[in-house]
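One structure below.
In listed order, ligands and their atoms are each counted from 1.
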Amino acid sequence: MSELLDELDAWLDANWDPELTVAEWWQRLGSSGWAAPALPTNAYGKGLARNDAIAVGQRIVARGAVAAPGGLGMLLAAPTIAVHGTQEQIDRYVLPIVTGQQAWCQLFSEPGAGSDLAGLGCKALKDGDEWIVNGQKVWTSGGQIADMGMLIARTNPEALKHQGITWFACDMHQPGVDIRPLREMTGRALFNEVFLSDARVPDDATIGGLNNGWAVANTTLMFERSGLGAGGHSAAAAANAGTVAGDLPKRVGDFVRPSGPSGGGGSGGAMAASAVKMFTHMAKESGAIAQPTVRQDLMKLHTLHEVGRMLALRLKAEKAAGRDIAGAPNIAKLSMSEIMRQSRDLGLRLAGAGGMLHAYNTADRKALDDATGQPMLAYITEMGLFAQAPPIYGGTDQVQRNILGERALGLPKEPNNDRTMSWAQLPKNG
Ligand SMILES: Cc1cc2nc3c(=O)[nH]c(=O)nc-3n(C[C@H](O)[C@H](O)[C@H](O)COP(=O)(O)OP(=O)(O)OC[C@H]3O[C@@H](n4cnc5c(N)ncnc54)[C@H](O)[C@@H]3O)c2cc1C
């Protein structure tokens, strides 16, 4: 590991320059393999284990450079395409992701297909060397700033439910894609409804083969669960990727920032680690640390974070030995949900009555900080309101438990007709 970090340090010494634009810096970082080092070497990575890749990301920030681009392209699309795409598709889609040129969103959930994702009804019909897509997606995080979408659509309604789905790379900048933001209780509009009306996708944007989309989507979901789960502590991106809201033409030196609490975004592990530090500091300052139950809750949060970190290390060791831990990503995701709930409850307890005040934008944040003298209040209320989301996105807590029950414990599946009737014949939600 130290050799790897020495190599990185030498590379940073030769390449980091705050006078570059964000685009120029990410071009260097992405094409060298340091932006997404967990990706394989043929997909602009270095083939590192997840923990080592996280250490690389942290080192880049610790050395005063700007972190790699973030977002769902890095978290989900790039690793999925690296697994299932052809080399030509990897070059076409992964390079613009790791260099921050393109931002991606995930077009999976639909109004009638969330937990039961394989029941999705968005249809793609072949038209020459293109597919024509019609349907509705919902809860599409970052859809309004995305250049590309990970689209799963039904390409054979007459096949069994899980067998007639295809995973496409869909261009979001086209007339057939209508994106409507949805406002959340945090005040932000993180996600969107996306209406696809005769949207077009070229046939060579099919990733992983026709009607094989369920297997490809499961790869995406596996990366989502392990990426969002407890145990990680990656550096949150300081600059935005993509052509819509990206910071690409700006001076990269203006985005250098110390690591610290980063609001509702960032990796789960990063939030958990910074929350424990922040709450301990707050409890000491206010004297609440004298209360035994506050100390217990702090220890519980710290313990959850440590158990998650150790699970990630154990998984790394098992993988290095050619083995796996069944259900590890699901356990990590469940653990993250619990960490978020604990953080919400402890944070709001420490904030006291001030926790009822919330800043809905940057200007309000400043006003709130000045009025209360509690600079972390906006972060705590943001986390308190956002804590409801992690137990839902990437598969709800109940769904994670179902998967663990069936795949790790070998319990029987819920009864259904999925293997005897085609999707077209099955009863539909809503
Ligand atoms: C902040 C946020 C961001 C998101 N971003 C995206 C995104 O970018 N792209 C995307 O495609 N989706 C996204 N989602 C959607 C998310 O994946 C779905 O909300 C989730 O899968 C649940 O689906 P649903 O909302 O349709 O709820 P439903 O599936 O209708 O579930 C409702 C309730 O029933 C329970 N339930 C359902 N089935 C079972 C079962 N078999 N056993 C036990 N309990 C069950 C659920 O656990 C839940 O409590 C996001 C969601 C959130 C909250």
Side-chain angles (χ1 to χ4, degrees), residues 70-77 80 103-122 135-146 148-153 161 165 167-168 170 172 177 179-196 213-214 216-218 220-225 227-229 242 263-266 268 271 329-330 333-334 336-337 340-341 344 382-407 411-418 427-430:
L72 296 184
M74 287 290 261
L75 185 68
L76 308 180
T80 302
W104 283 61
C105 65
Q106 183 189 22
L107 298 165
F108 278 22
S109 304
E110 298 180 5
S115 300
D116 181 23
L117 185 58
L120 62 91
C122 175
Q136 188 197 337
K137 298 290 175 177
V138 73
W139 319 128
T140 312
S141 303
Q144 71 275 55
I145 55 163
M148 297 292 297
M150 296 163 252
L151 169 69
I152 48 175
K161 177 167 136 176
I165 296 170
W167 200 110
F168 296 105
C170 175
M172 298 296 285
V177 178
I179 305 161
R180 302 184 195 166
L182 295 165
R183 183 76 49 197
E184 306 157 44
M185 65 178 162
T186 55
R188 292 179 300 162
L190 178 73
F191 44 48
N192 304 263
E193 296 178 292
V194 177
F195 295 87
L196 299 148
W214 186 243
V216 186
N218 268 293
T220 313
L221 294 173
M222 190 269 293
F223 283 117
E224 183 167 22
R225 280 156 198 167
L228 296 172
M271 288 178 68
N330 310 88
K333 168 98 204 327
L334 274 172
M336 192 62 236
S337 298
M340 287 300 293
R341 279 190 286 267
R344 172 196 62 198
E382 166 90 20
M383 187 160 55
L385 293 171
F386 189 73
Q388 283 55 248
I392 300 174
Y393 61 58
T396 65
D397 282 6
Q398 291 79 8
V399 165
Q400 307 302 332
R401 290 197 175 93
N402 282 352
I403 295 172
L404 282 169
E406 290 168 15
R407 295 193 202 154
L411 298 176
K413 284 174 94 67
E414 291 179 59
N416 61 51
N417 295 319
D418 291 0
K428 306 288 182 299
N429 284 332

What do we get for E414 next to ligand 1 when only non-hydrogen atoms under 4.0 Å count, side chain, backbone, both or neither? side chain
Using a strict cut-off of less than 4.0 Å between a Lys/Arg side-chain nitrogen and an Asp/Glu carboxylate oxygen, indicate whether K333 and E224 qualify as a salt bridge. no
Could you check N218, V399, I165, L221 and say which one makes a side chain to side chain contact (heavy atoms under 4.5 Å, CB included) with L117? L221
Counting heavy atoms not belonging to W214, are there more than 12 under 6.0 Å from its CH2? yes
Within the 4.0 Å heavy-atom shell around F191, which atoms of ligand 1 are there? 1 (C), 2 (C), 3 (C), 52 (C)
Within the 4.0 Å heavy-atom shell around F108, which atoms of ligand 1 are there? 11 (O)
Among the heavy atoms of V399, does any lie under 4.0 Å from an atom of ligand 1? no
Heavy-atom nearest neighbour of atom 19 (O) of ligand 1 within options L190, L117, V138, I392: I392
Residues K413 and D418 bridged, charged N to O under 4.0 Å: no
How far is atom 8 (O) of ligand 1 from its nearest protein heavy atom, and which residue and atom is that? S141 N, 2.9 Å
Can you tell me which residue and heavy atom of the protein come closest to atom 7 (C) of ligand 1, and the distance to 0.1 Å? W139 O, 2.8 Å
By number and element, which atoms of ligand 1 are closer than 4.0 Å to a non-hydrogen atom of Q398? 43 (C), 44 (N), 47 (O), 49 (O)
Within the protein, is there a heavy atom lying under 4.0 Å from atom 33 (C) of ligand 1? no
So which of G114, G142, G149 gets nearest to atom 24 (P) of ligand 1, if we judge by its closest heavy atom? G114
Residue portion contacting ligand 1 (non-hydrogen atoms closer than 4.0 Å) for T140: backbone
Atoms of ligand 1, numbered as shown, that sit under 4.0 Å from any heavy atom of A389: 1 (C)
Of I152, T396, L107, which has the heavy atom at the shortest distance from atom 22 (C) of ligand 1? T396
Tell me: protein heavy atom nearest atom 30 (O) of ligand 1, and distance? S115 OG, 5.0 Å
Establish, from distance only, whether the side-chain atoms of T80 and W167 form a donor-acceptor pair under 3.5 Å. no
